[in-house]
Amino acid sequence: MPRSYPPEFRRRVLDLVASGRKVAEVAQLLGVSDQTIYNWRRQHLIDTGQIPGTTSGDQAELVTARKRITELETELAIHRRAAELLGEATPPPPKKSGTKPSA
């Protein structure tokens with residue numbers, strides 16, 4: 001699982017790069033991979049509207065929505081299975097005879 005860094009740390013790293021320091025230098029100094037810094041910089045550009053893409057806020061909403069969809073699909077599967085089991089357990093209602101009673 002990827003390591004998670006606090007937002008303040010990311011901000012400080014991006015500030016160092018924005019001030020003119022090389023990505024490789026900052027990465028080595030702070031023990032972060034170059035690619036991680038490039039990813040953070042790209043996401044920052046997306047979040048500030050400088051390049052197109054999915055913002056961090058939108059991504060968080062998508063993750064939440066996907067989790068909720070999975071929960072709802074699981075609940076639906078449980079309800080369907082319960083309905084199947086109940087349908088098998090309850091006998092069908094008795095059939096009426098084909099003739100009508102006379103008056």
**Student:** Any chance you could measure Asp34, atom CG, to Lys22, atom NZ, to the nearest 0.5 Å?
**Tutor:**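 Answer rounded to 0.5 Å: 12.0 Å.
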**Student:** May I have all residue pairs that pass side-chain hydrogen bond (donor to acceptor under 3.5 Å, both in side chains) and include part of residues 58-70, sequence neighbours excluded?
**Tutor:**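 Checked against side-chain hydrogen bond (donor to acceptor under 3.5 Å, both in side chains) - neighbours excluded - the pairs reaching residues 58-70 are Thr55-Asp58, Arg68-Glu71.
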**Student:** If you compare all heavy atoms of Ser33 against all heavy atoms of Ala27, which two are closest, and at what distance to 0.1 Å?
**Tutor:** C-CB, 4.0 Å
**Student:** Salt bridge check: are Glu84 and Arg81 linked by an N-O gap of less than 4.0 Å?
**Tutor:** yes
**Student:** Could you check whether any side-chain heavy atom of Val13 comes within less than 4.5 Å of a side-chain heavy atom of Arg41, counting everything from C-beta outward?
**Tutor:** no
**Student:** Measure across Leu14 and Ile37 and return the closest heavy-atom pair with its distance rounded to 0.1 Å.
**Tutor:** CD2-O, 4.3 Å
**Student:** Would you say Glu25 has more than 12 foreign heavy atoms packed within less than 6.0 Å of its CD?
**Tutor:** yes
**Student:** Using distance alone, with no hydrogens and no angle criterion, decide if Gln43 and Asn39 have a side-chain donor and acceptor under 3.5 Å apart.
**Tutor:**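 Result is no, nothing qualifies.
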**Student:** Would you say that more than 12 heavy atoms from the other residues, nucleotides or ligands in this model lie under 6.0 Å from the CZ of Arg11, or not?
**Tutor:**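 Correct, the count exceeds 12.
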**Student:** Would you please test Thr54 and Leu62 for side chain to side chain contact (heavy atoms under 4.5 Å, CB included) and show each step?
**Tutor:** CA-CA 10 Å; Thr54 305; Leu62 286 171; 4.3 Å; yes
**Student:** Can you sort out the partners of Glu73 under side-chain contact (heavy atoms from CB on, under 4.5 Å), two or more places apart, ordered by chain and number?
**Tutor:** Ile69
**Student:** Measure the shortest side-chain to side-chain distance between Leu76 and Arg80 over non-hydrogen atoms and say whether it is less than 4.5 angstrom.
**Tutor:** yes
**Student:** Give the minimum heavy-atom separation between Pro52 and Ile46, together with the two atoms involved.
**Tutor:** O-CG1, 3.8 Å
**Student:** Show every ring-ring contact (aromatic ring centres under 6.0 Å, His included) that has at least one partner inside residues 9-62, sequence neighbours left out.
**Tutor:**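 ring-ring contact (aromatic ring centres under 6.0 Å, His included) check on residues 9-62 returns Tyr5-Phe9, Tyr5-Trp40.
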